[in-house]
Chemist: 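First the structure, which I've put down as structure tokens, then a few questions once you've had a look.
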Amino acid sequence: MALLDNLNPPQLAAVTIESCHALVLAGAGSGKTRVLTTRMAWLIQTGQVSPHGLLAVTFTNKAAREMLTRISAMLPINTRGMWIGTFHGLCNRLLRAHHRDAGLPQTFQILDTSDQLSAIKRLLKGAGVDDEKYPPRQLQHFINAAKEEGLRPAEVEAYDSYNRQMVELYAMYEAQCQREGVVDFPELLLRCYELLSRNALIREHYQHRFRHILVDEFQDTNRLQYRWLKLLAGGGAAIFAVGDDDQSIYAFRGANVGNMAEFEREFAHDRVIRLEQNYRSHGHILDAANTLIRNNSNRLGKNLWTDRGHGEPIRVYEALSDAQEAQWVIEEIRSLVGEGRLRREIAILYRSNAQSRVLEHALFSAGIPYKVYGGLRFFERQEVKHALAYLRLMENPHDDTAWMRVVNFPARGIGARTLEQQADIARLNGCSLYAAVSQVPGRGGNNLAQFAALIDRMRFETQNLPLHEIVDHVIEASGLVQHYLNEKEGAERIENLRELVNAAAAFAAEDGYAQTDAGALPQALPEAGIELPSPLAAFLAHAALEAGDNQASDGQDAVQLMTVHAAKGLEFEAVFITGLEEGLFPHENSLLEQSGLEEERRLMYVAVTRARERLYLSFSQTRMLHGQTRYNMRSRFLDEVPESSLKWLTPRNGRARTADVAGGWGRTAWGEENPAGSVSRAGKDAPYLGSSEGYSNRRTSAGVEVNGRTFRVGQSVVHPKFGEGVIIGMTGNGPDAQVQVNFGSAGTKTLALAVAKLEPV
DNA sequence: GAGCAACGTGTTTTT
DNA sequence: CACGTTGCTC
């Protein structure tokens, strides 16, 4: 069968496995998406399931689109109406179709993360809660974490008064959302889960319908998503889960890697298939990745291999400063481009966004086209969100979040005092702000009434207009366009508003609307009372669920800059991993727990496996961060990569970080192979002039001078109380300089150099 | 009610 | 350093 041509044995086994639960451990670059889509096509082509009986779920819209594209290419079927989408997108479909049973208005709106935060702030203000004691962000995290565990307020255990208050606020937040007819992201999932578990008729319909459930990036699922899948598969559907525990990098937002092991135990005991042949990277790169990740415990276990040969060694560079590191990157990029490589095939990766600035500056000065990923997406721009807020109010005037957003934007003389009055009345009556308008006295009340009338008028005037004309009308009638016309940097914002009109036209014209909603109609379930949402409601849901491109477009051949997280799933001919320093990568905030460090290591694993042919690793002795110079040691991850795969462009010095054994710290001279335990005392400083070889001794790190004594990272010091220790980090300069010292058994202390009685040994 | 200055605060991110 | 938020003044 042509479909199965060119699959390797494990891929073939995975694609054609019997109709039963299975777990595919797919290493980086092992053909994961291909296996997933080919299995779907194969199931359909062999008549084992109709397109209608398949459910495929991913985490990103991009992955869902990719899947649809590939299936269309493999099979001559209409993918429209197939249930392929993100967890949130599919839940949205289900909730729209069964909004009554889910207890939601048909026009329910979706709050994105920032909408949710402003809703929470408004709640705290209204309830008179001290937002210093209960920070909105913390409450948001508390609520979302609870929902992702499947817990409603009544089910959250509160041990102390603080937590009781948090739970209380959670309950109030829920009531507020319900009253306003809005749902946040985790609510989409939880509400959908509850809908299915409580309503036997609907549950059985979908359990019966979906015979095969395929899950992408299974390592990123949270507990609720796992339960959701289990529930849907409860009627005998086969779950085909694909993932890579080594690439689980989203634990910080609730992903539970444990789901993979649990799934194996619960469903797929002897049906685990490993895809270990890597088609992406050369041998040295894979060796580095394999050796590195072996330092993690609790892995399901997997070793990537390739038949592409070793390729070039991984190049390692130590810079004096972040600026110099950037300069070096520029030079390497110039020579890569000189060799004929495309700029878009070169990626510069970093752990945190703050690191991009220096790199951007250097690229800009050098006149090298580049593109930074991350940052604001289209539907997150303030002018676009303003326009969407007007549209939301037309659809549902009781959406208080949208109301507050634009009630006085553009300014129409409605101030804080008036809005407080209005909020008080609304709270007293338990109604929305919109419903409270008529009771607000005075001129403020008048202005509010005018605003309410504006919304009503816009709704009336756009009746029966096609979607994009509605949007066009609203950006004008709201005064948004006029407002930005008067602003000096408004031209781009107006562009974006016009672009929103285009987006609406594209959404209506394409399969967007039909795809996300009409396709949801469960024909076999007329008694459920299905209604079609309006095109506007569908468009608003689309805007919330798909925030748009992170940038991209414009087609120019440009170097790609992004965080390691953003690089997951991508690949490049040449990759730079910059800022490989202790405290940065691994990030200091993750070092408190073993699990945090292991996630950082997986992150490094992801970074390394992005490269096809050439990989560069770099770190710097000093780095500007938060306005002060930091002195970092090179990342431990550099030392977890086999020396035989590396080529040092600068002399290799010392060890990556303080030894775990107290006092076991030193630096080897350049040229030594530095076998474990072989450490020698530091030599004298020599000026460091770049990448030329031949300095047998030089500084591992820049130092700080205090009272005529020089301190630097890696140095042994003695303290009258804590005894002997090693400096493992420095921040600040001059009188503000602080050092972190590892005193072995006495622990690690942070000391101010100007005050502490530290003596160099 | 609107605009500006001081303050403080800083991972990673998709839906 | 560079952002967003708060608090203050006109």
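Owing to the predicted nature of the structure, the values given are computational and were not obtained by experimental measurement. Every chain is numbered from 1, with letters handed out A, B, ... down the list of sequences.
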Chemist: Ring pair (Phe, Tyr, Trp, His ring centres under 6.0 Å) with A:Y193: which residues, sequence neighbours excluded?
Modeler: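 A:Y193 satisfies ring pair (Phe, Tyr, Trp, His ring centres under 6.0 Å) with no other residue.
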Chemist: Pick the nucleotide of DNA chain B nearest each of A:F185 and A:R417; which residue has the one closer to the 5' end?
Modeler: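 It is A:R417 whose nearest nucleotide is closer to the 5' end.
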Chemist: Between C1' on B:dG1 and CD on A:E420, what's the gap in Å once rounded to a whole number?
Modeler: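 Rounding to the nearest Å, CD of A:E420 and C1' of B:dG1 are 13 Å apart.
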Chemist: Not counting sequence neighbours, which residues clear ring pair (Phe, Tyr, Trp, His ring centres under 6.0 Å) with A:Y484? List them please.
Modeler: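 Partners of A:Y484 by the ring pair (Phe, Tyr, Trp, His ring centres under 6.0 Å) criterion come out as none, since no residue qualifies.
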Chemist: Using nucleotides 2-4 of chain B, report all nitrogen or oxygen pairs with the protein that are shorter than 3.5 Å.
Modeler:
residue: B:dA2; atom: OP2; partner: A:N408; partner atom: ND2; Å: 3.1

Chemist: So do A:F379 and A:L500 actually touch side chain to side chain, heavy atoms under 4.5 Å?
Modeler: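 A:L500 vs A:F379: side chains touch.
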Chemist: Would the number of heavy atoms belonging to other residues, nucleotides or ligands and lying under 6.0 Å from CZ of A:F364 be above 12?
Modeler: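 Atom CZ in A:F364 is not crowded, with 12 or fewer foreign heavy atoms closer than 6.0 Å.
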Chemist: Using OP1 and OP2 only, check whether a side-chain N or O of A:N92 sits under 4.0 Å from B:dT15.
Modeler: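 So the side-chain polar atoms of A:N92 never come under 4.0 Å of the phosphate oxygens OP1 or OP2 of B:dT15.
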Chemist: Mind calculating the distance between CE (A:M562) and C1' (B:dT13) to the nearest angstrom?
Modeler: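 Taking CE of A:M562 and C1' of B:dT13, I get 14 Å after rounding.
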Chemist: A:Q247: which residues meet the side-chain hydrogen bond (donor to acceptor under 3.5 Å, both in side chains) condition with it, sequence neighbours left out?
Modeler: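 Here the qualifying residues are A:D244, A:R610.
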Chemist: Checking A:E217 now: which residues fulfil salt bridge (charged side-chain N to carboxylate O under 4.0 Å, His left out) with it, not counting sequence neighbours?
Modeler: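 Scan of A:E217 (salt bridge (charged side-chain N to carboxylate O under 4.0 Å, His left out), adjacent residues dropped) gives A:K32, A:K568.
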Chemist: Nearest whole angstrom, please: distance from the P of B:dG1 to the CD of A:Q421.
Modeler: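 Going from CD in A:Q421 over to P in B:dG1 covers 10 Å.
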Chemist: For A:E420, which residues count as a salt bridge (charged side-chain N to carboxylate O under 4.0 Å, His left out) partner, sequence neighbours excluded?
Modeler: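 Result, salt bridge (charged side-chain N to carboxylate O under 4.0 Å, His left out) vs A:E420: none returned.
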Chemist: Run the salt-bridge test on A:R351 and A:E599 with the 4.0 Å N-O cut-off and return the result as yes or no.
Modeler: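 No.
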Chemist: Which residues satisfy the ring pair (Phe, Tyr, Trp, His ring centres under 6.0 Å) test with A:F185, sequence neighbours excluded?
Modeler: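 Scan of A:F185 (ring pair (Phe, Tyr, Trp, His ring centres under 6.0 Å), adjacent residues dropped) gives A:H88.
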Chemist: Got a sec, which residues hit side-chain hydrogen bond (donor to acceptor under 3.5 Å, both in side chains) with A:E546, two or more places apart in sequence or on another chain?
Modeler: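 Expected list: A:R65.
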Chemist: Report the residues that fulfil salt bridge (charged side-chain N to carboxylate O under 4.0 Å, His left out) with A:D115, sequence neighbours left out, ordered by chain and then residue number.
Modeler: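 A:D115 satisfies salt bridge (charged side-chain N to carboxylate O under 4.0 Å, His left out) with A:K385, A:R392 once adjacent residues are dropped.
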Chemist: Taking any atom under 4.0 angstrom from a heavy atom of chain A, which nucleotides of DNA chain C are the first and last to qualify, 5' to 3'?
Modeler: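 The protein-touched segment is C:dC1 to C:dA2.
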Chemist: Any side-chain N or O of A:T113 under 4.0 Å from OP1/OP2 of B:dT14?
Modeler: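 Looking at the OP1 and OP2 atoms of B:dT14, neither is under 4.0 Å from any side-chain N or O of A:T113.
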Chemist: Using heavy atoms to find the nearest nucleotide of DNA chain B for A:T86 and A:T418 separately, return the residue whose nucleotide is more 5′.
Modeler: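 Its nearest nucleotide being more 5', the pick is A:T418.
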Chemist: Determine the contact category for A:A416: base if any of its heavy atoms lies under 4.0 Å from a base atom, sugar-phosphate if only primed atoms, P, OP1 or OP2 are that close, otherwise nothing.
Modeler: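 It contacts sugar-phosphate atoms only.
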Chemist: Are there any protein N/O atoms within less than 3.5 Å of an N/O atom in nucleotides 8-11 of chain B, and if so, which ones and at what distance?
Modeler:
residue: B:dG10; atom: N3; partner: A:H626; partner atom: ND1; Å: 3.2
residue: B:dT11; atom: O4'; partner: A:H587; partner atom: NE2; Å: 3.3

Chemist: Heavy atoms only, 4.0 Å cut-off, all strands: where does A:N61 land among base, sugar-phosphate and nothing?
Modeler: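 The residue A:N61 makes sugar-phosphate contact but no base contact.
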Chemist: Just checking A:Y250: base, sugar-phosphate only, or nothing, at a heavy-atom cut-off of under 4.0 Å?
Modeler: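 It contacts sugar-phosphate atoms only.
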Chemist: Pick one for B:dT11: is it syn, with its angle within 90° of 0, or anti?
Modeler: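 Base orientation relative to the sugar is syn.
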Chemist: Let me know the distance between CZ of A:F378 and C1' of B:dT14, rounded to the nearest Å.
Modeler: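 A:F378 atom CZ is separated from B:dT14 atom C1' by 19 Å.
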Chemist: For the pair made of NE2 in A:H141 and C1' in B:dT12, what is the distance, rounded to whole Å?
Modeler: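 After rounding, the reported distance stands at 13 Å.
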Chemist: For A:R93 and B:dT15, give me the distance from atom CZ to atom C1', rounded to whole Å.
Modeler: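 Atom-to-atom, A:R93 to B:dT15, this comes out as 15 Å.
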Chemist: Could you state the atom-to-atom distance from CZ of A:R253 to P of B:dT14 in whole Å?
Modeler: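 Nearest whole value for this atom pair: 7 Å.
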Chemist: Specify the separation, in whole Å, of atom CD of A:Q247 and atom C1' of B:dT12.
Modeler: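 Checked: the CD to C1' distance equals 16 Å.
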Chemist: Taking salt bridge (charged side-chain N to carboxylate O under 4.0 Å, His left out) as the test, write out the residues that go with A:R412, two or more places apart.
Modeler: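 Applying salt bridge (charged side-chain N to carboxylate O under 4.0 Å, His left out) to A:R412 gives none.
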